[in-house]
Structure formats: C-alpha cells, structure tokens
Amino acid sequence: MPYRAPVDDYTFLFEHVVDLAQVTATDRFEEATPDMTSAILTEAGKLCEDIMAPLQRPGDLHPAHLENGVVRTSPGYAEGYKAISEGGWVGMAADPEYGGMGLPVTVTSAVNEMMSAACLSLQLAPLMSQGQIEALEHHASDAIKELYLPKLISGEWTGTMNLTEPQAGSDVGALTSKAEDNGDGTYSISGQKIYISWGDNDFTDNVCHLVLARLPGAPAGTKGISLFLVPRNIPDENGNAGVANTLKVVSLEHKMGLHGSPTCVMQYDSAKGWMVGAEGGGMAAMFTMMNNARLGVGGQGVGAAEGAYQHALGYALERKQGKTAGPSGTIVDHADVRRMLMAMKADIFAARAIGLSCAVAIDMTTATGDAEWLSRAALLTPIAKAFGTDVGIDVANQGVQVHGGMGFVEETGAAQFSRDVRVTAIYEGTNGIQAMDLVARKMMDGGEAANRLLDEIQSTTETARASHPKMAEAVWQASESLREATDWLVEQDDLQQRFAGAVPYLRAFARVLGGYVHLRAAMADVGGAREKLARFYIQRLLPEHVGLLKQAQVGADDLYALSVDELAA
Ligand SMILES: Cc1cc2nc3c(=O)[nH]c(=O)nc-3n(C[C@H](O)[C@H](O)[C@H](O)COP(=O)(O)OP(=O)(O)OC[C@H]3O[C@@H](n4cnc5c(N)ncnc54)[C@H](O)[C@@H]3O)c2cc1C
C-alpha cells in the first residue's frame with residue numbers, strides 16, 4: 001500500500017488537541033496562519049508520498065557502503081536529498097536571518113514525522129542537520145553563524161553529532177577525544193568517534209561535525225567537555241568547501257536495519273576545528289542539539305508506526321482467510337486483527353499528540369521565555385522520545401503479526417519497518433536513560449511541573465464529564481493514580497529507588513497523557529471516528545497504567561534479590 005501522508009490528522013490535532021492557535025497568537029509565530037500551515041503540510045506530504053517513500057525499499061536492499069574511503073549512498077538517495085533541501089525542508093524551523101523559514105517546531109515536527117514514515121534512513125540526514133543548526137544558532141560565534149548557517153539551512157552542507165566513543169556511550173562524561181588550542185582561534189581535534197549517523201555522504205559539498213572533546217587539563221566527567229565544529233572540508237576565503245580536513249570514515253557499521261543511513265566510525269587526526277560555546281560548556285551546547293534530536297527521534301518512532309500501520313491495513317484489506325465476521329471476506333474483519341489495527345491506530349494518535357504537545361511547549365518557550373512552558377517542555381521531552389519510539393517498535397511488530405507469514409518475508413516490507421525503527425529506542429539516549437531523566441532531573445522541582453500538567457488534565461476531565469462521563473471518569477482516576485505515584489517518587493531521596501521504577505513510571509505517564517489527548521479528541525468529534533477511537537483507547541489501553549504504577553512504586557530491592565552468580569546459574 002503506498003504511503004499516504006496523514007495531513008488531516010495533524011490539522012485536527014493542531015486545532016482541537018494541542019492548541020497550535022496559542023503558538024500562532026504570539027508575535028514570534030504570527031505568520032504561521034492555518035492556511036500557511038495547511039499548505040506546508042500538503043506540500044510536504046507530496047514530497048513524502050512521491051519522492052521519499054519510493055526510496056524506503058532501495059535503501060534497505062542496497063545499503064550505504066564505503067568505497068576507497070568514500071561513503072556511497074543508496075540508489076536514489078542523492079536525488080531524494082536534493083528534493084528535501086531544494087524544498088527548504090532542512091531549514092524549516094531555522095532563523096530567517098540565515099535563510100530559514102522560522103516555522104514553529106510544532107509544524108516542523110509534523111513534517112519530520114511524515115518524512116520518517118516515508119523513508120526513515122534518509123530522513124535522519126536532515127534531522128541531524130536541524131539539530132546542528134539549532135545548536136549553532138544558540139551557541140556559536142557570529143563568524144561561525146555567518147559562514148555555516150546559510151549552507152546548513154539550505155542543505156548544501158549537512159551536519160552530524162559526535163558524542164559516542166567505544167568506552168563512552170550512555171556515559172558521555174567518559175569520552176577521551178582531545179582538543180589542542182592552536183593559538184590562532186582554531187583547535188586540533190584527535191580521537192575516534194563511533195556510530196556517527198550520516199558521518200559522510202556523496203551528495204553534499206561538505207559535512208560539518210559537532211564533536212565533543214577535552215582540552216588539556218580539563219576536569220574529568222562532563223564538566224571538562226567542550227564542543228567543536230569540525231568540517232570535512234575547511235571553508236576557503238569565499239566560504240566554499242575548501243581543502244580536506246584531517247579526518248576520515250574508517251568503516252561503516254553493519255546493522256539490523258536503517259541500512260540507507262551510513263553509521264560511521266570516524267577518525268580525527270589533529271583535524272582543524274572551532275570551539276562552539278564556552279570552554280567546558282560542551283555538554284550544555286550539545287544539549288540544545290540533543291533535545292531537538294530527542295523530540296525528532298520520538299517523531300521518527302511515530303512516523304515509522306504510521307508507515308507500518310498503513311502497510312498492515314493495506315494487507316488486511318486484501319488477504320482472504322477463514323470465515324470472517326464482517327462482509328469484506330478479508331482478515332480485516334477478524335476480531336483479533338481488528339484488535340491489533342485498533343491498538344496500532346489508537347497508540348499512534350496518542351504518541352503523535354504527546355510529541356506535538358511537547359513541540360507546542362518548546363514553541364511557547366521560544367515565543368514567551370516563560371519558565372512554566374520551559375519546564376513543561378523539559379518534562380515532556382523524555383516522554384515524547386521514549387513513548388514515541390516504543391510505540392514505533394510495538395506498532396511495527398504488530399504490523400508483522402497482521403501480515404502473518406508474509407510479515408516475516410522481506411518482500412512485503414513489514415519486517416523492514418520493524419528492523420529500521422528498533423534503534424530509535426537506543427540512540428539519542430536509550431529509553432531507560434530517558435526514564436531516569438524523567439524521575440530524577442525532571443523531578444528536581446519536587447514534581448511541580450508534573451502536578452501542574454495533572455491539574456490541567458483534571459480540569460479538562462471535569463468539563464468532559466457532561467458529554468463523556470465514563471471516559472472522563474476513567475481519565476480522572478488514572479491521573480489521580482499518577483499524581484499519587486509522582487508524590488511517592490519525589491519522596492524517595494535515594495535515586496536508586498526511583499530508577500528501579502523509572503521505565504514503568506514513564507510509560508504510565510504516557511498512558512495517562514494518551515487518555516487525556518484522546519478525551520480531547522472525543523469532545524471535538526462527538527459521534528465521529530475520533531470519539532470511537534478514544535473510547536477504544538480509554539477502555540483497552542489506558543488500564544495498563546494500573547500495573548505500571550504498581551511496579552513504579554516497588555523500589556529497587558527485588559531487582560537485586562538475585563546475586564550476579566545467581567543470575568548466571
Ligand atoms: C544506528 C546508530 C546510530 C547512532 N548515531 C549516533 C550519532 O549520530 N552520534 C552519536 O554520538 N552517537 C550515535 N549513536 C550512539 C548511541 O547514541 C548509543 O548507542 C547510545 O547512547 C547507547 O550507548 P551504548 O551503545 O554505548 O550503550 P551502553 O551505554 O553501553 O548501554 C547498554 C545498556 O545499559 C544501559 N545503561 C547504561 N548506562 C546506564 C545507567 N547509568 N543506568 C541505567 N542503565 C544504563 C543502557 O540503557 C543500555 O540498555 C548511534 C547508535 C546507533 C546504533
């Protein structure tokens with residue numbers, strides 16, 4: 001089934017669930033009128049349907065590979081990337097002063113999600129550039145901004161992020177790459193970085209790497225890390241890509257999926273770089289890129305889920321098997337197949353709305369500088385990332401199941417969704433690390449941001465009682481249980497007790513948010529398909545929060561009940 005961009009869903013969510021109007025009511029985003037947003041979504045939808053989706057399979061069958069030290073990308077990717085950059089889609093959210101469109105992140109997140117659904121491995125290239133653009137906008141010197149931003153925003157050059165080293169994965173503070181001050185405003189960067197997405201390509205003039213490294217004598221851990229911009233080709237006096245820098249791609253990883261995206265081992269040998277942000281402030285500067293990428297990766301999960309769902313539905317509408325309950329004569333009318341399709345659709349709606357709510361909070365922070373919006377965005381980012389990608393994995397997995405044996409056979413493409421999306425729960429901070437962030441850093445306010453959000457949810461449920469009493473009561477009860485669990489968590493001074501329940505707590509939080517966004521959809525679509533989907537979600541999926549919240553409050557003791565020897569026995 002060819003990919004169909006779900007433009008109507010975004011429009012409905014903007015209008016009735018995440019309230020994009022409050023963003024466009026600000027001076028900063030006043031130009032993003034509903035007409036303009038709708039035109040952008042429609043145009044992006046065409047790019048995804050006509051140009052990107054046809055590249056999904058060739059990328060899987062013909063992975064990027066290394067040829068005499070040069071990355072060769074999958075067939076059609078160069079043309080696909082050209083269409084993305086020439087359409088202005090790389091710099092959608094970027095500063096208009098440097099050539100960007102200055103759109104709200106809420107709108108660009110929807111576009112990024114569609115691109116992920118169409119072709120995840122190609123979409124990762126502009127996503128990396130977007131993160132780098134934002135980091136440079138916030139932290140780079142004017143000279144760097146003027147030289148690099150126009151090229152990155154136009155897509156003539158691409159950007160990457162280089163954190164990971166063999167001994168420094170989740171523990172970024174363990175990295176050992178070195179930077180030496182050349183005394184002329186430049187630095188010499190040396191070291192090896194692994195797993196670098198789109199570390200090189202054969203379709204742009206330059207690739208700009210943001211690299212974390214340590215200066216001599218820097219303190220251990222994250223405080224001693226600085227950030228450097230290290231281009232593959234050093235710009236000449238006219239600002240064009242000049243001579244080659246002393247860095248190279250040593251090898252590409254052979255992966256279970258995402259074959260079209262070259263995942264590079266990079267070697268830096270006294271490569272010339274420029275510092276971005278303050279000395280020792282590398283993590284703070286990189287966090288701008290990481291937060292952007294975290295929301296983007298959550299959107300990758302939702303996008304892949306949408307692609308997998310459409311694929312599965314297409315198959316279910318054609319495959320005839322057994323006596324069916326309905327008139328179609330195909331498996332779509334079997335109760336268990338319906339159960340899977342409904343769960344897939346309901347979870348996609350929930351995860352999409354959570355991601356877009358996070359984007360609204362980011363836009364409101366940008367537009368108003370308000371501290372409450374900032375803490376809302378910070379609270380929702382790990383949930384959007386982890387739940388969006390978990391839904392991506394679950395839905396793609398269900399998609400294989402809907403296909404039966406044909407799901408396990410590569411030619412249907414169902415398995416590719418499942419293989420490609422799997423990494424999204426691992427990169428950009430594993431989902432376990434996201435959950436720890438939620439229960440530790442994001443609860444340093446004593447649960448204030450979480451409770452404020454719960455107050456809003458409960459106020460909406462009170463209103464909803466008039467039109468949807470049963471659904472409203474279920475969401476109210478769930479939010480009350482989440483409030484109690486949040487209180488329990490913040491009372492635990494020993495962080496280990498919180499970490500032991502972090503993943504179930506994050507998922508329960510997402511489940512409750514899912515109930516809330518579905519309820520809002522039901523209120524806006526009385527008697528319609530969205531109300532029916534909301535009823536399904538609240539009846540069947542929301543109750544999962546009960547078991548999850550129980551687990552979240554057990555503490556750590558039982559996790560360590562078996563000794564390491566007993567684990568191995
Ligand atoms: C395809 C792909 C693309 C990638 N792209 C990039 C990129 O562009 N740039 C980049 O810099 N990196 C990139 N990465 C690296 C990615 O971000 C790391 O793989 C990820 O951060 C996890 O690090 P790790 O693999 O070393 O796993 P580890 O850190 O060794 O983790 C192993 C397990 O232990 C858990 N764990 C680790 N520490 C803790 C802790 N303190 N508490 C609880 N649990 C813990 C983890 O959650 C995980 O389950 C990419 C990886 C892949 C596979």
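Read the numbers this way: they start at 1 and go in the same order the structure lists the ligands and their atoms. Side chains included, hydrogens not; waters and symmetry mates left out as well; all remaining heavy atoms used.
With a 4.0 Å heavy-atom cut-off, ligand 1 is reached by the side chain of M436 but not by its N, CA, C or O.
Salt-bridge check for K145 with E137: failed, with every basic side-chain N at 4.0 Å or more from each acidic carboxylate O. A salt bridge links R511 to D347: one of the charged nitrogens lies within less than 4.0 Å of a carboxylate oxygen. Ionic pairing of E428 and K385 is not present here: no N-O contact between side-chain nitrogen and carboxylate oxygen is shorter than 4.0 angstrom. A salt bridge links D394 to R507: at least one charged side-chain nitrogen sits closer than 4.0 Å to a carboxylate oxygen.
For T263, no nitrogen or oxygen atom sits less than 3.5 Å from a nitrogen or oxygen atom of ligand 1, counting backbone and side chain alike. Polar contact check, I194 against ligand 1: no nitrogen or oxygen pair lies under 3.5 Å apart. Between Y427 and ligand 1, no N or O atom pair is found at a separation short of 3.5 Å. Between S170 and ligand 1, at least one N/O pair is under 3.5 Å apart.
For atom 48 (C) of ligand 1, the closest non-hydrogen atom on the protein side is T430 CG2, 4.1 Å. Counting only heavy atoms of the protein, atom 8 (O) of ligand 1 lies nearest to S197 N, 3.0 Å. Nearest protein heavy-atom neighbour of atom 4 (C) of ligand 1: Y195 O, 3.1 Å. Here the protein heavy atom with the shortest distance to atom 45 (C) of ligand 1 is I433 CD1, 4.1 Å. What sits closest to atom 11 (O) of ligand 1 on the protein, heavy atoms only, is L163 N, 2.8 Å. Remark: minimum distance from atom 12 (N) of ligand 1 to any protein heavy atom is reached at T164 OG1, 2.7 Å. Annotation: atom 9 (N) of ligand 1 to nearest protein heavy atom, M161 O, 2.8 Å. The nearest protein atom to atom 26 (O) of ligand 1, hydrogens excluded, is given as G169 CA, 3.2 Å; this is a heavy-atom distance.
Closer than 4.0 Å to atom 17 (O) of ligand 1 lies at least one heavy atom of the protein. Put simply, atom 1 (C) of ligand 1 has protein non-hydrogen atoms near it, under 4.0 Å away. Contact annotation for atom 35 (C) of ligand 1: protein absent (non-hydrogen atoms, distance under 4.0 Å). When distances from atom 32 (C) of ligand 1 to the protein are checked, no heavy atom turns up under 4.0 Å.
With ring centers used as reference points, W157 lies under 6.0 Å from Y148.
Nearest approach of G155 to Y81, heavy atoms of both residues: O-OH, 2.7 Å. C358 and A377 get closest at one heavy-atom pair: SG-O, 3.9 Å. Here the closest heavy-atom approach between residue S85 and residue V90 is recorded as CA-CG2, 4.1 Å. Closest heavy-atom contact between T160 and N162: OG1-ND2, 2.9 Å. In plain terms, the two heavy atoms of G260 and W198 that are nearest each other are O-CZ2, 3.5 Å. Listed here is the closest heavy atom pair of G446 and V490: C-CG1, 3.7 Å.
Using a 4.5 Å cut-off on side-chain heavy atoms (C-beta onward), K255 and T263 make contact. You'll find the side chain of D205 stays beyond 4.5 Å of the side chain of N233, heavy atoms only.
Distances below 4.0 Å separate heavy atoms of I426 from the following atoms of ligand 1: 20 (C). Below 4.0 Å from some heavy atom of E428 lie the following atoms of ligand 1, by number and element: 17 (O). Close approach of ligand 1 to K255 (heavy-atom distance below 4.0 Å) involves ligand atoms 1 (C).
Under a 4.0 angstrom heavy-atom cut-off, L258 registers as lying outside contact with ligand 1. Using a 4.0 angstrom heavy-atom cutoff, V423 counts as in contact with ligand 1.
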